[in-house]
Amino acid sequence: MVAFTNPFFSLFIATLLATYVEAAPWPVYSRHATHRVRTIGKRALQVESYHPKSTFKSFGADGPTVSTGNSLVGSSLNSNAISFVSSLGVDAKDVTWTSGYNAGTAQFAYVKQSINGIPLANAVANVAFDGNKVVSYGSSFVDTKAANIAAAEPTVSWRSVLPEVEEALEGRYNDHNATLEYLARSDGSVALTHVVQIQNTTTNAWYEAYIDAHSGELISVTDFVADASYRVLPITKQSFPAGTETLVDPQDVTASPEGWHSVGRGESTTTSGNNVLSFKGQQVTAQSAPGLVFSAAYDDTRDPTNAVNLNAARTNAFYVLNVMHDFSFRYGFTEQAFNFQLSNLGNGGRANDRVLVSVQDASGVNNANFATPPDGQSGICRMFIWDITNPNRDGTMQNDIIIHEMTHGITNRLTGGGTGRCLQTLESGGLGEGWGDAMANWFHQTSAQTRDYVIGEYVFNNRRGIRSAPYSVNRATNALSYGSLRQLNEVHSIGEVWANMLHNVYAALVDELGFSADKLTNPDGREGNIVFMRLFMDALSIQPCNPTFVEARDAWLTADQRRFNGANRCTVLRAFASRGLGLNAGADFRDDNNVGNC
Ligand SMILES: *[C@@H]1O[C@H](CO)[C@@H](O)[C@H](O)[C@H]1NC(C)=O
Ligand SMILES: *[C@@H]1O[C@H](CO)[C@@H](O)[C@H](O)[C@H]1NC(C)=O
Ligand SMILES: [Ca+2]
Ligand SMILES: [Zn+2]
């Protein structure tokens, strides 16, 4: 066994073992980190599961070191992890290897606690190493010295109680081998359990049942299926006629580690969460069934204000803005980069500024808007009803409009450091409108074949949408260029020029580098649509306050230099120059096609 030099030894011995005996009364939220009550099946059986409180510690450069001086390779990861964990005060014979792997210079090890060789299902630890240094560890190990531990020999077989368990969980045993494991309970005892998988292939339910091996009772479950579901217009679809779908667990836990429904120390069961509050008047939409099921089905043959439609609209706004939060987080719009969150989960930046989206807002029709105050104050998105058709249509069921609005929040926060003061000139305000359309365009391109793009077609009930021409690489379809700015003096019109330039940049990058369908979650992909969004987002933080078109273009080139070592400079520059924003374009707004040495 190796030893660890460990300057903080006495500090973390105290945090390794959870103190798990509950005292009462605790506030309700004190159970969020350790308990979960699930409502199972049509009969709404309630099962509470318990997970000992976990501790997590990260070390800086002077963290514990493997004192042999050897770096950790291959099978020694196993023994090093076990000896590190046992150095925290657990007997090494009570630590059992689970799994581990190497990733570059990092090694990740996962172990579990055991009692006389029988593993404890809910007492686990993980250790991350870098070379011979411990980077961090997490642990839910429990102190079993004083615990009431069940006898190690089962007195009830799981086969004898399986019919009752199957009936209780409304499913069937799936023939996966049962295991015998201990389970730490919240009263401080340790139960001996048979762990048996129960599945229902009709409802897609899939549980591990923990059956007490002495009483035969079902005492806990693992739910393999996460269950939030939203009937919405998927963000890659433009508007309601493309069809709503039920999406299960669309949240991206990298960007939203506590999911979409965490509020302070609690969990909501409504369209209120850490990133977004979606409401009309004072009202949110509540889950339509337990387990975060939001199933209202929009019907556009009825008025938007119909109760079901309103619930569907609030759900869609909640969903779209959360996806916008999650995807933009991956591309750099994080807590420290002034994003919108109720809690920043300890990641810096100012909090208490989740996006408030007012659906069917009464203050207007045939439009939408987004107010972006400084970091630390909520952004407010107002979505209106459109009264061009009968029945009216709801802007919230037109994803390109919501995306456009949320992009105002992203661009106003990333430009100029979160002040909300840096897209205020006519020209930069025009860029702001252009980014909104270009962002929606990016979401709705679904293949390597870049299509012309029209925004607002459904609510405006017009195939040409709400802008003067489709965005296109074809000059006959859209002739806007930098020189057009001489004739334009309104932000949306100016925005069309910029959005059309970005459409051309996008098409050039996708033609050259291809298209990735993983664009929302894989910002490190090398395909053209991902590279485009990297440059889009990076440039926002680089550009000056109240940028001009020329400065915004330069920020794209700088972003490319920084992230891709200039690999896309000529592709990007040629696309801008094809619409008059060449290297010699200046404040006189004359088209220039100069591309230097490209
Ligand atoms: C699956 O669940 C449905 C709905 O609760 C129930 O009707 C059906 O009997 C279950 N199937 C099994 C195999 O238990
Ligand atoms: C399941 O248990 C049987 C009998 O003990 C054993 O032969 C088989 O290898 C086990 N299967 C798996 C996948 O562990
Ligand atoms: Ca913030
Ligand atoms: Zn706008």
Side-chain angles (χ1 to χ4, degrees), residues 39-45 162-175 197-207 209 225 255 274-276 289-291 325 328-329 332-356 364 366-384 395 398 400-414 417-420 423 426 428-441 455-456 465-467 490-496 498-499:
T39 306
I40 294 173
K42 277 202 225 142
R43 287 189 301 272
L45 173 74
L162 183 61
E164 287 97 308
V165 171
E166 286 178 327
E167 195 187 340
L169 295 178
E170 297 181 30
R172 284 269 143 71
Y173 170 52
N174 68 0
D175 288 333
Q197 291 193 7
I198 306 291
Q199 244 179 307
N200 184 319
T201 50
T202 310
T203 61
N204 296 321
W206 190 350
Y207 298 104
V225 183
N274 199 45
N275 310 321
V276 181
H325 167 276
S328 62
F329 188 97
F333 189 40
T334 59
E335 294 94 344
Q336 292 194 27
F338 325 108
N339 80 353
F340 301 92
Q341 291 182 197
L342 187 58
S343 161
N344 283 354
L345 311 173
N347 294 326
R350 290 178 190 253
N352 291 313
D353 62 353
R354 62 178 169 172
V355 174
L356 313 180
N366 303 340
N367 214 329
N369 60 49
F370 196 105
T372 315
D375 191 27
Q377 289 178 267
S378 279
I380 301 177
C381 179
R382 297 185 191 282
M383 300 298 298
F384 299 155
Q398 175 95 49
D400 52 34
I401 293 182
I402 318 180
I403 293 168
H404 172 104
E405 296 309 329
M406 184 62 218
T407 305
H408 282 305
I410 296 171
T411 55
N412 274 293
R413 283 284 174 85
L414 283 174
T419 63
L423 296 177
L426 180 65
S428 64
L431 292 169
E433 297 303 334
W435 282 309
D437 286 8
M439 181 72 86
N441 191 345
I455 198 167
I466 56 177
R467 305 295 187 225
E490 190 276 330
V491 286
H492 297 90
S493 313
I494 293 172
E496 289 189 41
W498 182 240

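Each residue takes its place number in the sequence, starting with 1. In listed order, ligands and their atoms are each counted from 1. Keep in mind that this is a model prediction, so the values were computed, not measured.
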- Query: N347 and E335: side-chain hydrogen bond (donor to acceptor under 3.5 Å, both in side chains), yes or no, with the steps?
  - Reply: CA-CA 6 Å; N347 294 326; E335 294 94 344; 3.1 Å; yes
Is there a donor-acceptor pair closer than 3.5 Å between any side-chain N or O of [X] and the backbone N or O of [Y]?
| X | Y | result |
| --- | --- | --- |
| N275 | V355 | no |
| E166 | Y173 | yes |
| D400 | G456 | yes |
| N412 | H408 | yes |
| N274 | S343 | yes |
| N174 | Q199 | no |
| T419 | P374 | no |
| E490 | H492 | yes |

- Query: Around the Zn ion (ligand 4), what protein N, O or S atoms are found below 2.8 Å?
  - Reply: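 You should have found H404 NE2, H408 NE2, E433 OE1.
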- Under 3.0 Å from the Ca ion (ligand 3), the protein N, O or S atoms, given as residue and atom: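 For the Ca ion (ligand 3), the protein N, O and S atoms that sit under 3.0 Å away are N339 O, R350 O, D353 OD1, D353 OD2, D375 OD1.
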- Message: I need the atoms of ligand 1 closer than 4.0 Å to a non-hydrogen atom of R172, numbered in the order shown.
- Response: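 In order of number, 13 (C).
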- Task: Under 4.0 Å from a heavy atom of E170: give me the atoms of ligand 1 that qualify, with their elements.
- Result: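 It comes down to these atoms of ligand 1: 1 (C), 2 (O), 5 (O), 10 (C), 14 (O).
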- Separation of L431 CG from L426 CG (nearest 0.5 Å):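 Here the rounded value is 10.0 Å.
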- Message: With nothing but distance in play, are any N or O atoms of N200 less than 3.5 Å from an N or O of ligand 1?
- Response: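 The answer is yes, given that N200 and ligand 1 share an N or O pair closer than 3.5 Å.
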- Query: Do we get R413 above F340's six-membered ring, with its NZ or CZ under 6.0 Å from the centre and within 45° of the axis?
  - Reply: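 Judged by the rule, R413 and F340 form a cation-pi pair.
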